[in-house]
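What follows is a short report on a single structure.
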Amino acid sequence: MSIIDYLSRHSNADILQKDIENEFNIQRSTTTVLLQRMERKQLLFRTPSTIDARQKFVHLTDKTTHLINAINHYMNQQQQALTANFSTEEIKTFETILNYYLNSNEPER
């Protein structure tokens, strides 16, 4: 759902597989397997980049456009539940902790 949400929010941009890797902080191999599964379910399709054939653009299918409203509704409900149960300061603290772990556990390159 998160990938479909991400692609739908960036529908005016050309999104590469690499962009998804960066957005969700996942490895290339994990992203490839995930996107292949989504392709088999006809939720998206990939096309080679015109600039670099090693890169692939990721596009939603018509089948997925029917799911976008339901996904947006679900994401909004989750956000509302979060803000209803925690103060703005608690959410900010939680995000700070998450960002710390995301950034401190990156392997050195």
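Heavy atoms only: backbone and side chains are in, while hydrogens, waters and symmetry mates are out.
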- For Gln78, does the CD atom sit with more than 12 other heavy atoms under 6.0 Å from it, leaving out its own atoms? yes
- If you measure from NE2 on His10 to CG on Asp14, what distance do you get to the nearest 0.5 Å? 12.5 Å
- Message: If you count every heavy atom of other residues, nucleotides or ligands that lies below 6.0 Å from Ile51 atom CD1, does the total exceed 12?
- Response: no
- Minimum heavy-atom distance between Asp62 and Thr65, given as atom pair plus value: O-OG1, 2.5 Å
- Please answer: with hydrophobic residues joined when any side-chain heavy atoms are less than 4.5 Å apart, are Met75 and Leu7 in the same cluster? yes
- Are Leu60 and Leu34 connected in the hydrophobic side-chain network, where two residues link if heavy atoms are under 4.5 Å apart? yes
- Under 4.5 Å between any side-chain heavy atoms of Asp19 and Tyr6, yes or no? yes
- Task: Side-chain contact test, heavy atoms from C-beta onward, threshold under 4.5 Å: evaluate it for Met38 versus Ile4 and give yes or no.
- Result: yes
- Looking only at non-hydrogen atoms, find the nearest pair between Lys56 and Arg46 and report the distance. CD-CB, 4.0 Å
- Are any non-hydrogen side-chain atoms of Ile91 and Leu82 less than 4.5 angstrom apart? yes
- Message: Can you tell me how far apart OG1 (Thr31) and CG (Asn22) are? Round to the nearest 0.5 Å.
- Response: 9.0 Å
- Item | Shortest non-hydrogen separation from Gln42 to Thr61 and the atoms involved | O-OG1, 2.7 Å
- Note on the structure: Nearest heavy-atom approach of Pro48 to Ala53 is CB-O, 4.4 Å
- Message: Can you list everything that forms a side chain to side chain contact (heavy atoms under 4.5 Å, CB included) with Leu67? Sequence neighbours excluded, please.
- Response: Leu43, Ile71
- ring pair (Phe, Tyr, Trp, His ring centres under 6.0 Å): which pairs involve residues 47-76, sequence neighbours left out? Phe45-His59
- Query: Can you tell me if CZ on Arg9 sees more than 12 non-hydrogen neighbours from other groups inside 6.0 Å?
  - Reply: yes
- Would you confirm whether Asn85, through its side chain, and Ala81, through its main-chain N or O, come within 3.5 Å as a donor-acceptor pair? yes
- Message: Nearest 0.5 angstrom please: Leu98 CG to Asn103 CG, how far?
- Response: 10.5 Å
- Are there more than 12 heavy atoms of other residues, nucleotides or ligands under 6.0 Å from atom CD of Gln77? yes
- Spell out, yes or no, whether Leu35 and Ile26 are grouped together once hydrophobic residues are joined by side-chain heavy atoms under 4.5 Å, including indirect joins. yes
- With a 4.5 Å heavy-atom cut-off, do Ile3 and Val58 have their side chains touching? no
- Got a second to check how far Ile68's CD1 is from Met1's CE, nearest 0.5 Å? 13.0 Å
- Query: Do we see a donor-acceptor contact under 3.5 Å between the side chains of Ser11 and Ser8?
  - Reply: no
- Does Leu44 reach the side chain of Glu39, with side-chain heavy atoms less than 4.5 Å apart? yes
